[in-house]
Peer 1: 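What follows is a single structure, and I will ask about it in a moment.
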2 protein chains.
Amino acid sequence: MYSFTEENYLKTILKLHLGGTQVISTNVLAESMQTKASSVTDMIKKLAGKKLLKYEPYRGCILTNLGKSVAVSTLRKHRLWETFLVNTLSFSWDEVHEIAEQLEHIQSDKLIRQLDAFLGFPKHDPHGDPIPQLDGKIAASPFFTLDQTKPQNQLVVCGVLNHTPDFLKYLSKYGIEIGSKLSILQINAFDRSIDLLLNEKQQLNLSNEVVKNILVQFTHQVA
Amino acid sequence: MYSFTEENYLKTILKLHLGGTQVISTNVLAESMQTKASSVTDMIKKLAGKKLLKYEPYRGCILTNLGKSVAVSTLRKHRLWETFLVNTLSFSWDEVHEIAEQLEHIQSDKLIRQLDAFLGFPKHDPHGDPIPQLDGKIAASPFFTLDQTKPQNQLVVCGVLNHTPDFLKYLSKYGIEIGSKLSILQINAFDRSIDLLLNEKQQLNLSNEVVKNILVQFTHQVA
DNA sequence: GGTCATTTTTAGACAAGTCTAAATATTTTT
DNA sequence: AAAAATATTTAGACTTGTCTAAAAATGACC
């Protein structure tokens with residue numbers, strides 16, 4: 001129905017919308033897509049022609065409901081495939097993004113329905129991001145970032161905001177993964193780093209840069 | 001590494017080779033690829049330039065070892081994905097070809113290794129075709145077509161030669177599937193149709209056209 | 001409100017893969 | 001072995017998505 005490239009543009013615009021931007025400028029989109037502004041202008045015109053987004057020259061673009069539904073569906077496929085790769089094929093969370101970028105474009109509604117059922121209708125992907133449901137609804141994340149915590153909080157790691165392999169490998173090195181238990185010992189005001197106890201045995205200090213990118217929730221809640 | 005289109009050409013040429021043709025002519029390839037001869041000439045030149053096949057103008061082409069290894073790898077991916085769709089995601093054997101045509105182009109060696117392991121290193125896909133192994137070896141099929149049988153033979157259905165949804169649905173209608181047991185009652189000389197007993201209870205007559213496209217082996221052997 | 005810097009669009013070109021129509025080889029027929 | 005039929009290749013054009021370089025619009029500053 002839509003090409004790989006069209007789906008990638010729509011997905012990127014959706015992510016920028018979800019990140020809080022109403023109107024997406026050509027340059028911002030070019031940056032996100034790792035391409036040139038002139039290429040973006042061409043593609044935006046094409047997508048506007050297909051009623052997938054609204055475009056005002058020199059102003060930027062906004063997804064239409066149609067465009068949003070295509071983008072959400074692509075995001076749903078991406079996150080389901082990531083879940084499959086980690087849960088079923090034993091990949092680690094830093095290896096799956098590239099492969100899911102390819103798999104998300106496979107065309108078959110039944111394939112995705114069956115995959116969803118096989119995985120047990122998961123609510124979150126391996127990075128803790130919510131998986132859009134069939135009706136297009138994207139649950140608000142019940143998680144918050146570790147830099148919003150207080151001393152003595154008992155937390156569980158639920159996801160990350162930075163998905164780069166470098167960051168994910170850094171966490172793996174310290175044994176931090178989805179489900180890891182964190183007890184906050186102290187928040188250091190001068191550099192906003194956090195001292196904590198990992199899984200009730202290992203004491204660690206994490207920099208603010210790391211802490212900002214870790215999603216957590218309180219221990220008593222259930223994912 | 002290679003584009004979807006390049007992989008599809010190589011895979012199609014390999015299938016024609018496996019069907020017994022040494023040198024593949026432009027028109028035959030155009031027919032198989034559902035495209036025009038002029039397009040085939042262009043692509044063949046390109047593939048020859050990449051050392052994937054040998055091409056003599058007006059004569060035809062033959063895969064090189066390099067081209068063969070790419071084609072076999074694509075065929076391996078195709079058949080592993082078909083197995084996954086049927087065994088894991090509950091698809092029926094007439095629904096999987098189209099989806100596997102897309103999935104076979106996903107680029108990740110690790111993905112295929114993990115998928116193979118998850119499926120338990122299957123030897124045959126859901127149509128009974130051998131799955132090429134990692135080293136590139138394609139097992140000769142131990143199966144023969146049902147029209148080569150004799151009365152009183154006890155057989156098991158192992159695959160089909162015709163993969164069209166129409167044919168597969170026809171078989172499904174009579175309850176014939178991989179593993180079905182067939183007892184040959186009589187071979188009718190005038191139309192070469194066969195009377196047989198399906199799964200020890202249902203008597204059937206199958207036309208020669210159908211019988212030619214069903215792969216079987218003797219009951220005592222193990223797939 | 002005019003000048004300057006920035007952002008965005010346009011114009012023209014390129015690569016991949018396809019097509020039609022015309023030209024050229026090859027094979028078959030006589 | 002020449003004529004006719006068939007197979008194959010070439011030439012030129014089209015589509016999708018990209019790029020560079022130049023032109024135009026926008027916004028900021030004084």
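Since the model is a prediction, treat every value here as computed from it, not as a measurement. Naming convention: chains lettered A, B, ... in sequence-line order (proteins, then strands); numbering from 1 in each chain.
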Peer 1: Quick one: B:Y58 OH to C:dT28 P, roughly how many Å, whole number?
Peer 2: 17 Å
Peer 1: Would you mind telling me which of B:R76, B:K123, B:R79 makes a salt bridge (charged side-chain N to carboxylate O under 4.0 Å, His left out) with B:D116?
Peer 2: B:R76
Peer 1: In whole angstroms, how far is the P atom of D:dC19 from the CD atom of A:Q34?
Peer 2: 11 Å
Peer 1: Quick one: do B:S193 and B:D191 satisfy side chain to side chain donor-acceptor pair (under 3.5 Å)? Show the steps, please.
Peer 2: CA-CA 5 Å; B:S193 71; B:D191 67 351; 2.9 Å; yes
Peer 1: Could you check if a side-chain atom of A:Y2 sits within less than 4.5 angstrom of a side-chain atom of A:T74, using non-hydrogen atoms only?
Peer 2: no
Peer 1: Give a yes/no on whether any side-chain N or O of B:S38 is located under 4.0 angstrom from OP1 or OP2 of C:dT20.
Peer 2: no
Peer 1: What is the distance, to the nearest angstrom, from the CD atom on A:E56 to the P atom on C:dT8?
Peer 2: 14 Å
Peer 1: How long is the line joining CD of A:E31 and P of C:dT6, in whole Å?
Peer 2: 16 Å
Peer 1: Which part of the nucleic acid, if any, lies within contact of B:Y9, taking any heavy atom under 4.0 Å across all strands shown: a base, the sugar-phosphate backbone alone, or nothing?
Peer 2: sugar-phosphate
Peer 1: Going by atom types only, do A:H163 and A:D129 share a side-chain donor-acceptor pair under 3.5 Å?
Peer 2: yes
Peer 1: Are OP1 or OP2 of D:dT9 and a side-chain N or O of B:R59 less than 4.0 angstrom apart?
Peer 2: no
Peer 1: Hey, does B:T5 reach any base, or is it just sugar-phosphate, or nothing, if we go heavy atoms under 4.0 Å?
Peer 2: sugar-phosphate
Peer 1: What is the nucleic acid contact for A:T26, judged by heavy atoms within less than 4.0 Å: base, sugar-phosphate only, or nothing?
Peer 2: sugar-phosphate
Peer 1: Given D:dT8, is OP1 or OP2 found less than 4.0 Å from the side-chain N or O atoms of B:T41?
Peer 2: no
Peer 1: B:K36 has an atom NZ; how far is it from atom C1' of D:dT15, in whole Å?
Peer 2: 17 Å
Peer 1: Can you tell me the distance, in whole Å, between the CD1 atom of B:I44 and the P atom of D:dT8?
Peer 2: 9 Å
Peer 1: Under 4.0 Å between a side-chain N or O of B:N27 and OP1 or OP2 of D:dT8?
Peer 2: yes
Peer 1: Please determine, by modelled atom types, if B:Q148 and B:T145 share a side-chain donor-acceptor pair under 3.5 angstrom.
Peer 2: yes
Peer 1: Quick check on DNA chain D: between A:D42 and A:P57, whose nearest nucleotide comes earlier from the 5' end?
Peer 2: A:D42
Peer 1: Is the phosphate of C:dT8, meaning OP1 or OP2, less than 4.0 Å from a side-chain N or O of A:S25?
Peer 2: yes
Peer 1: A:E7 CD to D:dT16 C1': how many Å, rounded?
Peer 2: 15 Å
Peer 1: In whole angstrom, give the distance that lies between atom CZ of A:F4 and atom C1' of D:dT18.
Peer 2: 17 Å
